[in-house]
Protein chains: 2
Amino acid sequence: MSHHAIRQVLQGVPHFQSLRRELFDRVVGMSRLRVYRKGEFVFRQDDPCRGFFVVRRGGARLYRVAPDGRERVLRIVSPNSAFAEAALFQSGHYPVFCTAVDEGTELVEIAGAPFLELFRSEAALAEAMVAGMCRRLHGAIGHMEELIALGAGARLAHYILGLPGREDESGTFVELPSSKKDIASYLSVTPETLSRLLRRWSDLGWISVRGSRLDIHDAPALGAISDGAEGPAVKSFRAGA
Amino acid sequence: MSHHAIRQVLQGVPHFQSLRRELFDRVVGMSRLRVYRKGEFVFRQDDPCRGFFVVRRGGARLYRVAPDGRERVLRIVSPNSAFAEAALFQSGHYPVFCTAVDEGTELVEIAGAPFLELFRSEAALAEAMVAGMCRRLHGAIGHMEELIALGAGARLAHYILGLPGREDESGTFVELPSSKKDIASYLSVTPETLSRLLRRWSDLGWISVRGSRLDIHDAPALGAISDGAEGPAVKSFRAGA
DNA sequence: CGATATGTTGAAGTTAATCAAATCTTGTGG
DNA sequence: CCACAAGATTTGATTAACTTCAACATATCG
């Protein structure tokens, strides 16, 4: 029975934290769990929006394709995070493409129409959703600032430090949530540059790279880089007004 | 009597479009109009959030200040647009600084507390707000994509073409909504680079620059630039999956 | 086990930042 | 109304970061 799994996943999502039992159950009732193969499309740009999603296992890769075929990864969604909620309230079409990162990726899909209905009748849900979106908005702005103001090295360092770290007998490490190609696209650098940066830090003894696993040996050093040390960064201008 | 002015301004804002008369009147009732001097602070980062704003005349300049004093313009708000709504639902503190762009800038301030109360009790308002925020979110993501994927020239061209164009006996023109220094900061280029780009296009006969007024003589050429022609742009990668 | 995609490394070219300094604006006090 | 000071804008020369191009190495999948 997947209801239990669905319940478990949705409980972990901020959107539904403050929801009273009865409403939460209704949301669970309008949801279903689906398993995807690696690279399988979850939806395509301009598809009509059937609902939004929460990741249970694996990952979702949101990206856009330019007219000339180049693609840009906008977000890599990890377990327990929601995505595509905004599409519900917009044009009713998904504004991006979405594929599964790993074989066996599991997503909970919350049906759009019934959810919208519930949304309209329940202020608590509305407020929780709005709060969640504000968070996302600020996240996007933060990412934006990062990407623009800082050099490639700072972006990568910041990104790595932002990944959920795990512990091990060999120390702290993080797992890249997708291929290095995608990470590079997300950070808006070429795969070559990404590779070279990892290499440099590896040579400096700050990290070790084994496939998609990065062992962090000197987080403070990365922190310094991520705060603008070293990189080019637009030195911008001093206050005024 | 400023109520008429307030009513007039708020009617033009998407957030309140779908509101029935009675609710709209209540929103008007919790708003006040205020005039600012050039460069005057509207609020500072971390100030407690008293409410949010709509521009009636002039402009609002939202920016952040880095620890070392450098500032970055995140948004320049023009008449009939709202800002700082997100702060209401977040921590209750403004996440940025805001100053008035022009002498005599007029802003409508909608008081936060009563508005939130109304928001909680009125699903229609909630939905309109959410829709507005989704728009903003997509706007931010769009801006982000621009800033990152495209070169300085493409960003500027795109920005210019996005400004509201006016007509004149001498043709089409746009008015920069703030100083070139601020525009440069917003586009994340140095003032020097901005100046050089305008110069180049001016030499090519595509535009004429007279202070903050730009006459557009060859919009298609700018359009080509803004679509990635010329610029460096991360040539990224071809499809897959 | 071979084919295709991903990741790595090296050399060269370009964009845009930085540094330095001149010129133009704007607001102020005389 | 004019001279001056402060800031904004422009221009030139230099420099560094990152992309691009090319080629090799390593995975991954059928």
Side-chain angles (χ1 to χ4, degrees), chain A residues 37-40 61 70-73 99 101-103 147-157 176 178-185 187-203 209-214 225 228-241, chain B residues 37-39 61 70-73 101-103 147-157 176 178-185 187-203 209-214 225 228-241:
Chain A
R37 293 185 320 239
K38 177 169 182 170
E40 183 180 352
R61 175 171 166 279
R70 302 186 311 219
E71 58 183 57
R72 158 166 308 285
V73 175
T99 57
V101 173
D102 303 315
E103 187 69 30
L147 284 168
I148 299 154
L150 308 171
R155 301 206 291 270
L156 177 58
L176 297 179
S178 186
S179 71
K180 287 178 186 161
K181 176 171 89 92
D182 285 344
I183 307 284
S185 174
L187 295 173
S188 205
V189 298
T190 56
E192 292 96 320
T193 298
L194 175 59
S195 176
R196 277 188 259 267
L197 285 168
L198 291 176
R199 187 67 159 80
R200 185 190 307 167
W201 297 343
S202 192
D203 287 345
V209 185
R210 258 155 42 207
S212 67
R213 171 181 166 145
L214 307 186
I225 292 292
E230 183 85 5
V234 177
K235 282 290 187 286
S236 289
F237 346 90
R238 300 214 143 258
Chain B
R37 293 186 321 238
K38 177 169 181 170
R61 175 171 165 279
R70 302 186 312 222
E71 58 183 57
R72 158 167 308 284
V73 174
V101 172
D102 303 316
E103 186 69 29
L147 283 169
I148 300 153
L150 307 171
R155 301 206 291 272
L156 177 57
L176 297 179
S178 186
S179 71
K180 288 179 185 159
K181 178 170 87 94
D182 285 344
I183 306 287
S185 175
L187 295 173
S188 206
V189 298
T190 57
E192 293 95 321
T193 298
L194 175 59
S195 176
R196 279 188 257 267
L197 286 169
L198 291 177
R199 188 68 160 79
R200 186 191 306 165
W201 297 343
S202 192
D203 288 345
V209 185
R210 257 153 46 204
S212 67
R213 171 180 167 146
L214 306 186
I225 292 292
E230 181 87 3
V234 177
K235 282 289 188 290
S236 288
F237 346 90
R238 299 214 143 259

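Look at CZ on A/Arg200: it is 13 Å from P on C/dG10, rounded to the nearest Å. Taking atom CG of B/Leu197 as the reference point, atom P of D/dT10 lies 11 Å away to the nearest angstrom. Distance B/Lys181 NZ to D/dG7 C1': 9 Å, rounded to the nearest Å. Whole-Å rounding puts the B/Ile183 CD1 to D/dT9 C1' distance at 14 Å. Regarding A/Leu198, its CG atom lies at a distance of 14 Å from the C1' atom of C/dT6, rounded to whole Å. Atom NZ in B/Lys180 sits about 14 Å away from atom C1' in D/dG7, given to the nearest Å. We find that CG of A/Leu156 is positioned 15 Å from C1' of D/dA17, with the value rounded to whole Å. The distance from atom CG of B/Asp203 to atom P of D/dT11 is 8 Å, rounded to the nearest whole Å.
Evaluation of the side chain to side chain contact (heavy atoms under 4.5 Å, CB included) rule for B/Thr193 yields B/Ala152, B/Val189, B/Thr190, B/Leu197 as partners, not counting sequence neighbours. Every residue was checked against the side-chain hydrogen bond (donor to acceptor under 3.5 Å, both in side chains) condition with B/Ser195, not counting sequence neighbours, and none meets it. B/Ser212 is linked by a side-chain hydrogen bond (donor to acceptor under 3.5 Å, both in side chains) to B/Glu175, counting only residues two or more places apart in sequence or in another chain. Here A/Arg37 pairs with nothing under the side-chain hydrogen bond (donor to acceptor under 3.5 Å, both in side chains) rule; sequence neighbours left out.
Taking all atoms of both residues into account, the shortest heavy-atom contact from B/Val101 to B/Lys38 is O-CG, 3.5 Å. Between B/Leu150 and B/Arg155 the shortest heavy-atom distance is O-NH1, 3.1 Å. The two residues B/Gly211 and B/Val209 have their closest heavy-atom pair at O-CG1, 3.7 Å.
Residue A/Thr190 places its side chain closer to D/dT19 than to any other of D/dT10, D/dT19, C/dG7. Residue A/Ala152 has its side chain nearest to D/dC18 when only D/dC18, D/dT9, D/dC21 are considered.
In this structure, the side chains of A/Leu156 and A/Ile225 stay at 4.5 Å or more apart for every pair of heavy atoms.
Remark: B/Arg199 is in phosphate contact with D/dT11, judged by side-chain N or O atoms under 4.0 Å from OP1 or OP2. In this structure, B/Ser195 does not reach the D/dT9 phosphate: none of its side-chain N or O atoms is under 4.0 Å from OP1 or OP2. Applying the 4.0 Å criterion to OP1 and OP2 of D/dA8, one finds that B/Ser179 has every side-chain N and O outside that range.
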Write out a two-atom table: protein N or O, nucleotide N or O from nucleotides 27-30 of chain D, distance below 3.5 Å.
none

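An end-to-end axis angle of 50° holds for the helix from C/dC1-D/dG30 to C/dG30-D/dC1, taken from five base pairs per end and rounded to 10°.
When each of A/Glu192 and A/Gly153 is assigned the nucleotide of DNA chain D with its nearest heavy atom, A/Gly153 is the one assigned upstream, toward the 5' end.
Looking at heavy-atom distances under 4.0 Å, A/Thr193 makes contact with a base. When heavy atoms are screened at a 4.0 angstrom cut-off, B/Arg196 is found touching base atoms of the nucleic acid.
Taking CG of A/Leu198 as the start and CD1 of A/Ile183 as the end, the distance is 10.0 Å to the nearest 0.5 Å. Note that OG of A/Ser185 and CG of A/Leu194 are 11.0 Å apart. Values are rounded to the nearest 0.5 Å.
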